[in-house]
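In what follows, a single structure is set out as structure tokens and then discussed.
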Amino acid sequence: MALRHLSVKALLFFGLCQVGRRGFASAPEVREAPKKIAIIGGGIGGTAAAFFLRQEFGPAVKIEVFEAGTVGGRLATENIGGYEYETGGSVIHPLNLHMKHFLDRLGQYPLPSQDFLMMFFSKMQNRILSGLSPRADVSSKLAIFDGKELTFEESDWFIVNVIRMLWRYGLNFIRMHIWVEAILDKFMRIYQYQQYGYSFSSVEKLLHAMGGDGFLTLVNQTLEEAMLAEGFSQVFLNDVVTPVTRVNYGQSVRINGFVGAIALAGADSGLWAVDGGNKMVCSGLLYHSKAELVPARVTAISMKMRPSKTGSAANFYEVNYVGESGAAHSTYDIVVVATPLHQGMSDINFSGFSPPIPTHFSGRYHQTVATLVHGLLNVSYLGTTEKPENFFVSAVLTLDKKASEIHSLSSLNPVKIPKGYSRSPASQRKVWKIFSSQPLSQKNLQQIFLSWDSVFEKRWLAYPSYSPPHRRTPPFILHDRLYYLNAVEWAASAMEMSAISARNLCGSTRKKEEFSFAVWPDGGGK
Ligand SMILES: Cc1cc2nc3c(=O)[nH]c(=O)nc-3n(C[C@H](O)[C@H](O)[C@H](O)COP(=O)(O)OP(=O)(O)OC[C@H]3O[C@@H](n4cnc5c(N)ncnc54)[C@H](O)[C@@H]3O)c2cc1C
Ligand SMILES: *[C@@H]1O[C@H](CO)[C@@H](O)[C@H](O)[C@H]1NC(C)=O
Ligand SMILES: *[C@@H]1O[C@H](CO)[C@@H](O)[C@H](O)[C@H]1NC(C)=O
Ligand SMILES: *[C@@H]1O[C@H](CO)[C@@H](O)[C@H](O)[C@H]1NC(C)=O
């Protein structure tokens, strides 16, 4: 694990100083080990939770993962012409250490094939693939489109790009890298905390531990406000930052500064994806954790009491669900909700809780439509006069203009790169992915493509619709031993954030004292 600027000694020292401070959930008595745990949602958050909880409680505890749809959730692929393509979460940052760790761990074990779900139940297949690894790299080329023409096209020459950027935006570009890097540096502290078993009862406390008051301010103001305050120019925000927030979060620079920084980090070099599809990590974690997959939709969670040996009453949870064979219910000591509790995403009734837990928290999720088209691009749509056979641009980002109803247009590589595969020009028929907030009409498609032979559309409720300043984020802890992972998405939604949230949960179940106050009073302290 990288120790970026943070010395273990310092952490231990401060850690010792903090021991004894009562955390949010520290109960004086030693709790009985849980016998049964329910996890609701088989996306990266839920499956990572299964993995960490197995590590935490050992082989005896029974872990059940409820999944109403497909394992992977917002990590999903679609088959087009015999190849699979990512339709949801696609890239992973090189410093996303949990995702890296999962790959390392899962890479060492034989894994079941992609039709894991089928295998899990029928056990008819026994096709075992080798472990997981990152996907091979294919070079890419970026351009920015204003709805009429390309305002920027990356050159194959690095130095040409640097000179153009300096010419147009002065030092803004370099300063942006430094700004994002400094935020990432603080972000990395979370791995140290987690390694030492610390966990946080709210998103705000987690953010505060990483970056002090600076991070709390960042998450409660827009990216635009944050960057203007840092001296970046409005032109730079409009021309360079906006296209990045549009492709990564389908929204403008009015998203919060923290998720904005994550979006900008998502334009770094060295991004990677999982060979065979990112969702393979989810099925891998599930398999590795020996959790049982329950293909059912959870409809309600209610709190029940049973008398305990010590005389005081202990609570447990009844989970109601509807599967193929109808409605049923089961009881658990710990329940982990690993799906957003928002309109249109999950409808879970909580009963018997005081104060009550809402079915939907306030705030909504933003719709991003992913349209995958196998066809021939009309390069004139991009206002370029380049010949299609010379047009190698693989990612077109867009400005926030009325004229561009699309958020991005990119040429997709399959999740498994075939031998001898390379970047091909626009004169060849290939798979393009368009992100937009509204579904594309037939007319839209006719403008963008000369011809096509297949269109696949997926309407995601993709990530929160961010509009700082914000009210309080939803809690991680809904009730004693009832946890909510997706609260973290209100700081930022990403695979790694769900994994961090899953790891955070384990400290909570252990009742270790929370590291809840500033370790570095200035939030800096390298
Ligand atoms: C188009 C798009 C692009 C993205 N790009 C990136 C990217 O490049 N990099 C990145 O890091 N992140 C990206 N993200 C974000 C990332 O995909 C998500 O943050 C992450 O996958 C969330 O995982 P999760 O497990 O927390 O939630 P989910 O993946 O949503 O998992 C929740 C699961 O719970 C299930 N469920 C819901 N309700 C119930 C119920 N009542 N009972 C049983 N099961 C239920 C759902 O079917 C779902 O499978 C992107 C997302 C989208 C949509
Ligand atoms: C949730 O509770 C409300 C009111 O108690 C009820 O009307 C609704 O049908 C319940 N929904 C589910 C999915 O159980
Ligand atoms: C390609 O796009 C240009 C510009 O939008 C348009 O004028 C032209 O008609 C399109 N070509 C075809 C064959 O649709
Ligand atoms: C966010 O800022 C608003 C005012 O801009 C303030 O009222 C609110 O308390 C802040 N929220 C948090 C969580 O700091």
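Start at 1 with the first residue, then count along the sequence. Both counts, for ligands and for their atoms, begin at 1 and track the order of listing.
- Outside the 6.0 Å centre-distance limit, the rings of F476 and Y483 are not counted as a close aromatic pair.
- Taking the centre of each ring, F200 and Y193 come in below the 6.0 Å mark.
- Under a 4.0 Å criterion applied to the non-hydrogen atoms of G73, ligand 1 contributes the atoms 29 (O), 48 (C), 49 (O).
- Annotation: Y381 is not in aromatic contact with F449 [ring centroid separation under 6.0 Å not met].
- At under 3.5 Å, not a single nitrogen or oxygen of F435, backbone or side chain, sits near a nitrogen or oxygen of ligand 1.
- Closest protein heavy atom to atom 13 (C) of ligand 3: L450 CD2, 3.4 Å.
- Remark: among candidates A48, S493, G266, G89, the nearest residue to atom 18 (C) of ligand 1 is S493, based on non-hydrogen atoms.
- Looking at heavy atoms from C-beta onward, S411 lies out of side-chain contact with R423 at the 4.5 angstrom threshold.
- Below 3.5 Å of separation, one finds an N or O of A494 facing an N or O of ligand 1.
- Ligand 1 does not have A370 within reach: every non-hydrogen atom of the residue lies 4.0 Å or more from it.
- When each atom of ligand 1 is checked for a heavy atom of N486 under 4.0 Å away, the hits are 24 (P), 26 (O), 27 (O).
- In this structure, of S346, G46, A502, A49, the residue bringing a heavy atom nearest to atom 38 (N) of ligand 1 is S346.
- C282 does not count as a contact of ligand 1, since none of its heavy atoms falls under 4.0 Å from the ligand.
- Checking only distances, A462 never comes within under 3.5 Å of ligand 1, N or O to N or O.
- At under 3.5 Å, a nitrogen or oxygen of S90, whether backbone or side chain, sits near a nitrogen or oxygen of ligand 1.
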Distance-only check: which donor-acceptor pairs under 3.5 Å involve side-chain atoms of residues 263-272, not counting sequence neighbours?
| residue | atom | partner | partner atom | Å |
| --- | --- | --- | --- | --- |
| D268 | OD2 | H93 | NE2 | 2.9 |
| W272 | NE1 | H93 | O | 3.3 |

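- At under 3.5 Å, a nitrogen or oxygen of E67, whether backbone or side chain, sits near a nitrogen or oxygen of ligand 1.
- At under 3.5 Å, a nitrogen or oxygen of R74, whether backbone or side chain, sits near a nitrogen or oxygen of ligand 1.
- Taking each of V298, L271, I262 in turn, the one with a heavy atom nearest to atom 40 (C) of ligand 1 proves to be V298.
- Contact annotation: T70 has at least one heavy atom less than 4.0 Å from an atom of ligand 1.
- Residue pairs meeting the salt bridge (charged side-chain N to carboxylate O under 4.0 Å, His left out) criterion with at least one partner in residues 445-455, sequence neighbours excluded, are R429-D453.
- Ring geometry for Y466 against Y249 counts as perpendicular: the plane angle is over 60°, on a 0 to 90° scale with 30° as the lower cut.
- Of the options T339, V65, V369, the smallest heavy-atom separation from atom 36 (N) of ligand 1 is shown by T339.
- From the protein, the heavy atom lying nearest to atom 23 (O) of ligand 1 is I44 CG2, 3.4 Å.
- Residue contact check: G69 has heavy atoms under 4.0 Å from atoms 47 (O) of ligand 1.
- Near G72, meaning under 4.0 Å from any of its heavy atoms, are these atoms of ligand 1: 29 (O).
- Residues V294 and E64 come closest through the heavy atom pair CG2-CB, 4.1 Å.
- Considering backbone and side-chain N/O atoms, G45 comes within less than 3.5 Å of an N/O atom of ligand 1.
- Using bins of under 30°, 30° to 60° and over 60° for the plane-to-plane angle, the ring pair Y365/H342 lands in the tilted bin.
- For the atom pair CG (L450) and CG (L377), the distance works out to 7.5 Å, reported to the nearest 0.5 Å.
- In terms of polar-atom proximity, P340 is not counted as a contact of ligand 1, lacking any N or O under 3.5 Å from an N or O of the ligand.
- Within the 4.0 angstrom cut-off, atom 9 (O) of ligand 3 has no protein heavy-atom neighbours.
- To the nearest 0.5 angstrom, R246 atom CZ is 8.0 Å from S437 atom OG.
- If you look at F51 and H288, their ring centroids are closer than 6.0 Å.
- Among protein heavy atoms, atom 39 (C) of ligand 1 sits closest to R297 NH1, 4.1 Å.
- With ligand atoms numbered from 1 in the order given, ligand 1 contributes 33 (C), 34 (O), 35 (C) to contacts under 4.0 Å with heavy atoms of G41.
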- Message: Is there a side-chain contact (heavy atoms from CB on, under 4.5 Å) between V253 and T222? Walk through the geometry before answering.
- Response: CA-CA 7 Å; V253 286; T222 66; over 6 Å; no
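- Below 30°, between 30° and 60°, or above 60°: for H98 and F102 the angle between ring planes is below 30°, a parallel geometry.
- The protein heavy atom nearest to atom 14 (O) of ligand 3 is N378 ND2, 3.9 Å.
- Within 6.0 Å of the NZ atom in K100, the count of heavy atoms belonging to other residues, nucleotides or ligands does not exceed 12.
- Protein heavy atom nearest atom 5 (O) of ligand 3, with residue, atom name and distance: Y381 CA, 4.1 Å.
- Taking all heavy atoms of A296, A338, A263, A492 into account, the minimum distance to atom 43 (C) of ligand 1 is reached by A296.
- Aromatic ring centres of F57 and F52: separated by at least 6.0 Å.
- Not close to ligand 1: Y321, with no non-hydrogen atom less than 4.0 angstrom away.
- No part of T47 comes within 4.0 Å of ligand 1, judged by heavy-atom distances.
- The shortest distance between side-chain heavy atoms of S90 and Y85 does not fall below 4.5 Å.
- Considering backbone and side-chain N/O of T87, none are found under 3.5 Å from N/O of ligand 1.
- For the pair I92 and ligand 1, no heavy-atom separation below 4.0 Å is found.
- Judged by the 6.0 Å and 45° rule, K36 forms a cation-pi pair with Y332.
- For the pair L75 and ligand 1, the shortest N or O to N or O distance does not fall below 3.5 Å.
- Residue S380 places no N or O, backbone or side chain, under 3.5 Å from any N or O of ligand 3.
- For atom 9 (N) of ligand 1, the nearest protein heavy atom (residue, atom name, distance) is V91 O, 2.8 Å.
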- Task: Carefully, step by step, assess E496 and R503 under the rule salt bridge (Lys or Arg N to Asp or Glu O under 4.0 Å).
- Result: CA-CA 10 Å; E496 185 71 6; R503 181 68 181 78; over 6 Å; no
